[in-house]
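Inspection log for the structure reproduced underneath, given as structure tokens.
For this chain, numbers begin at 1 and follow the sequence in order. For ligands, and for the atoms within them, numbers begin at 1 and follow the listed sequence. Quick caveat: nothing in here was measured; it's all calculated off a predicted structure.
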Amino acid sequence: MRILFLGDIVGAPGVDMVQKAVPALRKAEGIDCVIANAENASGGSGMTPRVYRQLRQAGVDLVTMGDHIYKKQELIKILEEDGCICKPANFPKEAPGKAVIRATLPDGTVVVVFSVLGRTFMRPVDCPFEAADRVLADLDGQARVIVVDAHAEATADKYLIGHHLKGRVTAVLGTHTHVQTADEQILEGGTAYVTDVGMTGPYDSILGRRIDRVLLTTRTFLPTPFDVAEGDPRIAGVIVECDAATGKAGAIQRVMMDEKQFTLAPSE
Ligand SMILES: [Fe+2]
Ligand SMILES: [Fe+2]
């Protein structure tokens, strides 16, 4: 089976790309399941319920978030009640949301997703390694296809999470830094890995925000609104190929496309 995992969706340009690309890629690439990190989907920080519904309608099966998860408080009700969006598994128990989510595909295959936050240059959270171990112990071998979003700032944090989980999950895919890395690989035991899947949003930007604003504030310390940029929207992510029966990944391929590229992708 083939899983498309899209990286941090930023603002309206990112959501627009998902709406156009996901139906096209599902068909052209034979995608069975779509997972997306959407922590920046509304105004660049957090996500509103309206945008959540738009992403789901576009064909995103499961949604992960990150450090910006509660920036739009209207999302909290959805985080508590909906089974297709998760909070990081190493957040406190009291933090709203589900640590583990799953989708049952038309052929009966169950895909389990959870995320963990890194601890370097980020707000202090519980140990991501222990949190992942807890999730896997609770699953108790019930699911084969398990995809982990490693939401972290430091590359070493993500590699460590990948190596900690290799052979036990289908994929460990990095998000948060918004820059796609070229180190996709299959770790020992059939775990697909990449340090960052990249950003789905405007690339004429600083990680999705207007260049002039970020540059001015960085140089002068004067605060400016870091509005979402508009130019050069692209989708970024990976396609992971795995065996539904064993959950082992056989291949991982990077995806980075503008609208012209995915509309030209060969269709059936
Ligand atoms: Fe992000
Ligand atoms: Fe983040």
Side-chain angles (χ1 to χ4, degrees), residues 5-18 34-48 51-52 54-55 60 62-73 75-76 79 85-92 95-97 99 113-126 128 131-132 147-162 172-181 194-211 213-214 225-230 232-238 254-256:
F5 185 106
L6 294 173
D8 301 39
I9 301 165
V10 178
V15 174
D16 180 59
M17 289 302 277
V18 170
V34 180
I35 305 162
N37 182 298
E39 68 153 0
N40 310 104
S42 294
S45 190
M47 177 170 55
T48 61
V51 167
Y52 175 67
Q54 286 175 336
L55 295 177
V60 176
L62 295 168
V63 174
T64 60
M65 298 291 283
D67 46 313
H68 298 300
I69 181 167
Y70 303 129
K71 291 278 168 68
K72 304 278 186 282
Q73 301 226 346
L75 189 68
I76 289 174
L79 283 162
I85 178 167
C86 62
K87 69 172 182 181
N90 52 343
F91 263 23
V113 168
F114 67 94
S115 73
V116 288
L117 247 61
R119 291 187 296 183
T120 308
F121 307 130
M122 296 182 87
R123 189 169 161 191
V125 280
D126 285 350
V147 176
V148 183
D149 175 346
H151 196 80
E153 188 74 41
T155 47
D157 268 9
K158 303 196 216 192
Y159 265 96
L160 288 165
I161 294 164
V172 174
L173 307 172
T175 58
H176 176 74
T177 38
H178 292 207
V179 177
Q180 190 177 67
T181 57
V194 68
T195 297
D196 201 293
V197 301
M199 168 185 80
T200 296
Y203 273 72
D204 186 9
S205 72
I206 305 293
L207 310 180
R209 308 305 184 99
R210 275 177 54 167
I211 297 167
R213 300 277 176 81
V214 181
F226 286 2
D227 291 339
V228 171
E230 285 172 8
D232 193 14
R234 301 185 213 164
I235 60 149
V238 290
R254 270 179 287 135
V255 174
M256 167 76 76

Closest [X] atom to the Fe ion (ligand 2) [N, O or S only]:
X	answer
Glu39	OE2
Asp67	OD1
His151	NE2
His176	ND1

_Angle subtended at the Fe ion (ligand 1) by OD1 of Asn40 and NE2 of His178, nearest 10°_ = 90°
*Between Val51 and Lys72, is any pair of side-chain heavy atoms under 4.5 Å apart?*
no
*For the residue pair Thr175 and Val197, establish whether any side-chain heavy-atom pair is separated by less than 4.5 Å.*
yes
*Before accepting this row, confirm whether a basic side-chain N of the pair Arg213/Asp227 lies closer than 4.0 Å to the acidic partner's carboxylate O.*
yes
_Tell me whether Asn90 contacts the main-chain N or O of Val116 through its side chain, where contact means a donor paired with an acceptor under 3.5 Å._
no
*Name, closest N/O/S atom of Asp8 to the Fe ion (ligand 1)*: OD2
*Taking atom types as modelled, is there a side-chain donor on Thr177 or Lys158 under 3.5 Å from an acceptor on the other?*
yes
